[in-house]
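Heads up: the structure comes next, in structure tokens.
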Amino acid sequence: MDVRETPVSAFLDQRPGTSGLRKKVAVFRQPGYVEAFVQSLFDALPEAVGGGVAGQTLVLGGDGRFFNDRVIQTIIRMAAANGVARLLVGRGGLLSTPAVSAIIREHQAFGGIVLSASHNPGGPDGDFGIKYNVANGGPAPEKITEAVFARSKAIAAYRTTDAADLPLDTLGATRLGAMEVAVIDPVADYAALMERIFDFDRLRDLFRGGFRLRFDAMNAVTGPYAREIFERRLGASAGAAINAVPLPDFGGLHPDPNPLHAADLIAALAAPDAPDFGAASDGDGDRNMVVARAAGIGGGAIGPSDSLAILAANAHLIPWFKDGLPGVARSMPTSRAVDRVAKSLGIDCFETPTGWKFFGNLLDAGRIALCGEESAGTSSNHIREKDGVWAVLFWLNILAVRGEPASAIVASHWARYGRDFYLRHDYEAIETERANRLIDGLRRRLPDLPGQRFGDFEISACDDFAYTDPVDGSASARQGVRVDFAEGARAVYRLSGTGTEGATLRVYLERFAPDPAGHAVPAAEALAPLAAAAAALADIAGITGRDAPSVVV
Ligand code: VG1
Ligand code: CO
């Protein structure tokens, strides 16, 4: 095999964000763009993690979106030219993000590459992304992503080889030069892991008893996982998994599992013949939305922050957690519902910056075993990524053991712990300069804000969230502006690190309501005064020119 050093000029925009490098497909399609980034990654690893990919095993797969098939082949050739010994590739180029994490751990691989822009839209006009995961199965920490970015600014050539595309549709091993390429079943290792975590006998009984699930894979990567696990192994009725064939354009759907983009699922769970439980996941299968049959308090979509709290409170019902949890963690903007559960369990609760990479050390050190984000991500120490299908199985296992409808479990959780009303307002594609001005302005005003009133709310404390990792001491500053109000409410402002167009301002709103008498109110209504106060405080309309958010979830 001839290794070819191909000159390339550096692209200066290859800084990975919250979750890998994410750009418009058109950006990734520039000649040399993928190659420059992947070579920067390979070049940066020896110093950043103490060893390079030569002689190692890597895992490779993606969510099947447009361009996945081309980039897979590019990376296969580059991996061979960079001396990778063994490459595990998902059949058809498909692997969900949680499956990559599971496979890295199961096969003690050096790392893995996931091709996905996650919940961002796909297709030629949509988004593409490349993420790197390290040997613990988790997203590369900032130290590595920054080293890759630094390298990408100086890269001058990449290594590849002239070889035809490899067929990826049949399982088995082939070679490219000295590298073994093993085409693996994308689902097998992952499904086996799920069987070790949950009570599959009990779940089979649940479905045998007529329980009806509707799982919407949104034409993204989880279809094959859902068919195998829910339908084949657990006996859910055929067709319980819908939109279950991964499509390059996601069939025109936007695979972001929230009440807005999975509106059909919400409607199905509100219909007279509704299934017992609904769920959906995102492009790469790491997010989940769970939906209770709509029936009074607790019915409908279960907010991700509530879901995390409820999973924590019920974790002892799952075989994997029968001895309880050492601790839990949530990203900073996630509601404080799980904090109250941790308090009542007498365990630690950590608050980390947004992005799954910040949970890795806590999980590795055994300080936590369950964690989540308000953005529909939940997972545990079974892997080092968030995990959509796992979260659905967790809920099903709780439902099977408790024998109550999901809505009743939500309502009784609120009655016991209080309800944290929660909403996120996104202002998408605003001019970057205006977005930065808004956040900088808030930062500057921080010292003067305590004591000021906005509408019904008085600011009791505020800061720009900074985090020091309790395990390795690494520090991350400027992670979002937190504003606490004396009335048990909170607003958080931060800019998205996954958007691909201008800037996205996220405003996270929450208010604690201890009294069950107030729990029936819809969140939008309960939070309207807080939303107005938060918008006024930051002068969102004045600075961005937007008088309403583009997305409310
Ligand atoms: C968003 C979410 C964050 C999540 C990230 C990746 O980041 O807020 O919680 O970890 O997406 O999720 P940001 O920076 O845009 O707010 V996924 O499913 O895209 O891998
Ligand atoms: Co995702």
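What you see is a predicted model, and the numbers here were worked out from it, not measured in a lab. We count ligands from 1, going down the list as the structure has it; atoms in each ligand are counted the same way.
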Considering non-hydrogen atoms of the protein only, which is the closest contact for [atom], and what is the distance?
| atom | value |
| --- | --- |
| atom 9 (O) of ligand 1 | Ser375 OG, 2.6 Å |
| atom 7 (O) of ligand 1 | Thr498 CG2, 3.5 Å |
| atom 10 (O) of ligand 1 | Glu373 OE1, 2.7 Å |
| atom 1 (C) of ligand 1 | Arg287 NH2, 3.6 Å |

Do [X] and [Y] sit within salt-bridge range, that is, some charged N less than 4.0 Å from a carboxylate O?
| X | Y | value |
| --- | --- | --- |
| Glu351 | Arg482 | yes |
| Arg506 | Asp426 | yes |
| Arg336 | Asp484 | yes |
| Asp440 | Arg443 | yes |

Counting from 1, what ligand 1 atoms have a heavy atom of [X] closer than 4.0 Å?
| X | answer |
| --- | --- |
| Ser118 | 17 (V), 18 (O), 19 (O), 20 (O) |
| Asp282 | 18 (O) |
| Thr18 | 5 (C), 7 (O), 13 (P), 14 (O) |
| His119 | 11 (O), 17 (V), 18 (O), 19 (O) |
| Lys386 | 4 (C), 6 (C), 10 (O), 12 (O), 17 (V), 18 (O), 20 (O) |
| Ser19 | 6 (C), 20 (O) |
| Arg22 | 17 (V), 19 (O), 20 (O) |
| Arg506 | 8 (O), 13 (P), 15 (O), 16 (O) |

Is Lys153 positioned over the aromatic face of Phe149, cation under 6.0 angstrom from the ring centre and no more than 45 degrees off axis?
-> yes

Minimum heavy-atom distance between Asn68 and Phe128, given as atom pair plus value | N-CE1, 3.7 Å

Pair Tyr417 + His413: ring centers closer than 6.0 Å | yes

State whether the shortest distance between N or O atoms of Thr354 and N or O atoms of ligand 1 falls below 3.5 angstrom.
-> no

For ligand 1, find out whether one of its N or O atoms is nearer than 3.5 Å to an N or O atom of Gly497.
-> yes

Is the closest heavy atom of Gly355 to ligand 1 under 4.0 Å?
-> yes

Short side-chain to backbone donor-acceptor contact, Thr222 and Tyr225, under 3.5 Å = no

Look only at the side chain of Ser379 and the backbone of Glu385, and say whether a donor-acceptor pair between them is shorter than 3.5 Å.
-> yes

For the Co ion (ligand 2), the closest N/O/S atom belonging to [X]:
| X | value |
| --- | --- |
| Asp282 | OD2 |
| Asp284 | OD1 |
| Asp286 | OD1 |

Run through Asp63, Thr18, Asp282, Thr97 and flag the one making a side chain to side chain donor-acceptor pair (under 3.5 Å) with Ser118.
-> Asp282

At under 4.0 Å between heavy atoms, which part of Ser496 makes contact with ligand 1: side chain, backbone, both or neither?
-> both

Audit row: Arg22, Asp127, salt bridge (Lys or Arg N to Asp or Glu O under 4.0 Å) steps and yes/no | CA-CA 7 Å; Arg22 209 173 281 192; Asp127 294 346; over 6 Å; no

Looking at the Co ion (ligand 2), is one of the N, O or S atoms of Ser116 less than 2.8 Å from it?
-> no

Tell me, yes or no, whether the heavy-atom count around Arg437 atom CZ, taken from other residues, nucleotides or ligands under 6.0 Å, exceeds 12.
-> yes

